[in-house]
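Worksheet: the structure to be examined is printed underneath.
For ligands, and for the atoms within them, numbers begin at 1 and follow the listed sequence. This structure is a prediction, so every number in the text was calculated from the model and none was measured.
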Amino acid sequence: MRRNLLILAGTSEATRLAQVVSEAGIPATLSYAGRVERTKAQPLPKRIGGFGGVAGLIEYLREAEVSHVIDATHPFAAQMSRNAVDACAAAGIPLVALTRSPWIKRAGDLWTSVHSIDAAVSALPMSVRSVLLAIGRMHLNSFAERPQHHYILRLVDPPASDIFLPSYQAIVSRGPFTLEGDRQLMQEHAIDFVVSKNAGGASSRSKIDAARDLGLPVIMIERPIVNRERLEFERVEDVMQWLFHASTDLGV
Ligand SMILES: NC(=O)c1ccc[n+]([C@@H]2O[C@H](COP(=O)([O-])OP(=O)(O)OC[C@H]3O[C@@H](n4cnc5c(N)ncnc54)[C@H](OP(=O)(O)O)[C@@H]3O)[C@@H](O)[C@H]2O)c1
């Protein structure tokens, strides 16, 4: 039974899956968009960069003789997820998503839910505030629309010279983050507002818990909708089980 997996990566879920797949001795390649300068060391081969839309992905799947695709991208990487569903359907290759549930508002959370970066910018007050932006680096410049605020940026890579916020400080860290560490960061920088994506999962929720503890308001950017039917699991074990069943069902 031939298996050759393509794992769409860029998350802690993809890293966990890579470990298990490698230990099981299953051939696989991890795919990254190339958004960060240094990808994590992994026990599997990597490829980096976009495929060139659905057509490019179909071509890649055929040329690399991929048997199964596991979409372990971030919940906000909706375009990649849609392309993966469409390309796999066209190429007749089984696909599963390894994902995580969104965070749910709890008692004590002071969230304002919004559905876009622009709406998050608009949700900030006009008076000067200290704002923690824990949203990655792609959309930071949208916050230049509110130039009066001081922004604390949490980034994986040191910032390039393309950040056009008048007042900011970058804190470079890949995590893992802790409740105590995030509480301390918010206190040290006298944070008034936290802006977060509703990424879900355990690895980055400490900022949400710290904000609740400190009574800080959070502008929560809700997830984009993938808008495709697909099989989803939250546990690596379930993906591994599917892998063996999907193989049998499809005879690959
Ligand atoms: N968005 C976030 O907040 C966030 C947070 C943490 C990690 N990430 C990771 O960063 C990557 C990019 O996120 P995004 O929000 O820019 O995605 P996106 O908007 O859904 O993707 C835009 C394009 O980037 C390419 N791409 C995305 N993920 C890829 C992957 N794993 N391998 C190869 N190409 C990929 C594809 O280009 P082509 O059309 O040319 O194939 C895709 O159409 C994802 O892999 C995601 O897991 C994203």
Side-chain angles (χ1 to χ4, degrees), residues 5-18 21 28-40 42 44-64 66 68-88 90-91 93 95-100 102-103 114-120 132-143 153-157 172-177 194-205 207-208 219-228 230 232 234:
L5 317 185
L6 174 66
I7 302 173
L8 301 170
T11 56
S12 53
E13 287 79 5
T15 297
R16 282 207 306 280
L17 178 66
V21 164
T29 300
L30 283 170
S31 176
Y32 290 88
R35 301 277 190 269
V36 299
E37 281 165 27
R38 305 153 291 137
T39 54
K40 263 190 182 158
Q42 297 287 3
L44 294 172
K46 299 174 186 172
R47 65 161 302 285
I48 297 178
F51 297 96
V54 175
L57 181 53
I58 294 172
E59 199 179 321
Y60 176 89
L61 295 173
R62 289 196 173 130
E63 276 179 8
V66 171
H68 301 74
V69 174
I70 295 118
D71 179 358
T73 56
H74 191 270
F76 277 73
Q79 187 58 54
M80 185 69 252
S81 292
R82 286 182 207 116
N83 290 358
V85 173
D86 294 349
C88 285
I93 292 173
L95 169 134
V96 73
L98 175 59
T99 186
R100 29 176 141 146
W103 296 315
V114 295
H115 291 275
S116 67
I117 296 281
D118 288 347
L132 174 62
L133 292 183
I135 58 167
R137 78 182 162 109
M138 277 191 288
H139 302 286
L140 294 173
N141 285 330
S142 302
F143 288 84
L153 316 178
R154 177 133 85 189
L155 299 172
V156 172
D157 289 314
V172 179
S173 173
R174 199 181 267 275
F177 305 108
V194 176
V195 182
S196 170
K197 290 177 172 175
N198 195 341
S203 63
S204 61
R205 74 158 297 137
K207 58 180 176 282
I208 303 307
I219 297 172
M220 184 63 81
I221 305 167
E222 299 300 344
R223 298 168 171 210
I225 295 165
V226 173
N227 210 15
R228 296 284 188 282
R230 61 178 190 172
E232 294 183 359
E234 292 197 17

Which residue owns the protein heavy atom closest to atom 8 (N) of ligand 1, what's the atom, and how far is it?
His74 CB, 3.6 Å
Taking the side chain from Lys46 and the backbone from Lys40, do they hold a donor-acceptor pair closer than 3.5 Å?
yes
Would you mind listing which atoms of ligand 1 come within a distance below 4.0 Å of any non-hydrogen atom of Ser31?
30 (C), 31 (N), 32 (N), 33 (C)
Pick from Gly136, Gly56, Ala9, Ala77: the one approaching atom 45 (O) of ligand 1 most closely through a non-hydrogen atom:
Ala9
Is the charged tip of Arg205 near the ring of Phe177: under 6.0 Å from the six-membered ring centre and within 45° of its axis?
no
Mind listing the closest non-hydrogen atom pair of Ile221 and Val195 along with its distance?
CD1-CG1, 4.0 Å
Out of Lys46, Met138, His139, whose heavy atom is nearest to atom 14 (P) of ligand 1?
Met138
Restricting to non-hydrogen atoms, name the atom on Phe76 and the atom on Ala199 that form the minimum distance, rounded to 0.1 Å.
CE1-N, 4.3 Å
Are any of the heavy atoms in Ala199 under 4.0 Å away from ligand 1?
no
Atom 7 (C) of ligand 1: which protein heavy atom is closest, and how many Å away?
Gly10 O, 3.2 Å
Is it the side chain, the backbone, both or neither of Ala78 that has a heavy atom closer than 4.0 Å to ligand 1?
backbone
Decide side-chain contact (heavy atoms from CB on, under 4.5 Å) for Glu13 and Ser203; before the verdict, give the C-alpha distance in whole Å, the side-chain angles of both, and the deciding distance to 0.1 Å.
CA-CA 10 Å; Glu13 287 79 5; Ser203 63; 5.8 Å; no
What protein heavy atom is closest to atom 28 (N) of ligand 1, reported as residue, atom name and distance in Å?
Met80 CG, 3.5 Å
Ignoring hydrogens and geometry beyond distance, is a side-chain donor-acceptor pair present between Asp118 and Ser116 at under 3.5 Å?
no
Below 4.0 angstrom from a heavy atom of Gly50, which ligand 1 atoms are there? Numbered from 1 as shown, please.
34 (N), 37 (O), 38 (P), 40 (O), 41 (O)
I'd like to know if the side chain of Gln42 pairs up with that of Thr15 as donor and acceptor (distance under 3.5 Å, no hydrogens or angles considered).
yes
Quick one: does ligand 1 sit under 4.0 Å from the side chain of Arg35, the backbone, both or neither, non-hydrogen atoms only?
side chain
Can you pull out the closest protein heavy atom to atom 39 (O) of ligand 1? Residue, atom name and distance to 0.1 Å, please.
Gly53 N, 3.1 Å
Listed partners of Pro176 passing side-chain contact (heavy atoms from CB on, under 4.5 Å), at least two apart
none
Among all protein non-hydrogen atoms, which one is nearest to atom 40 (O) of ligand 1, and what is the separation to 0.1 Å?
Gly52 N, 2.9 Å
What do you reckon, does Arg82 put a non-hydrogen atom under 4.0 Å from ligand 1?
no
Least distance between heavy atoms, Ala72 atom then Thr11 atom
O-OG1, 2.5 Å
Ligand 1 atoms nearer than 4.0 angstrom to some heavy atom of Thr73 are 31 (N), 45 (O), 47 (O)
Summary of side chain to side chain donor-acceptor pair (under 3.5 Å) pairs that have at least one residue in residues 47-60, sequence neighbours excluded
Ser31-Arg47
Looking at atom 19 (O) of ligand 1, what's its closest protein heavy atom, distance included?
Gln79 CB, 3.9 Å
Got a salt bridge between Arg230 and Asp71, using NZ or NE/NH1/NH2 to carboxylate O under 4.0 Å?
yes
Side chain or backbone of Asn83 under 4.0 Å from ligand 1, or both, or neither, by non-hydrogen atoms?
side chain
Given Phe51, Tyr60, Phe76, Tyr32, which one has a non-hydrogen atom that is nearest to atom 1 (N) of ligand 1?
Phe76
Separation between NE2 (His74) and OG (Ser81), nearest 0.5 Å, reads 11.0 Å
Honestly, for Arg47 the part within reach of ligand 1 (heavy atoms, under 4.0 Å) is side chain
To the nearest 0.1 Å, how far is atom 30 (C) of ligand 1 from its closest protein heavy atom, and which atom is that?
Ala33 N, 3.5 Å
Give the atom numbers and elements of ligand 1 that come within less than 4.0 Å of a heavy atom of Lys197.
1 (N), 2 (C), 3 (O)
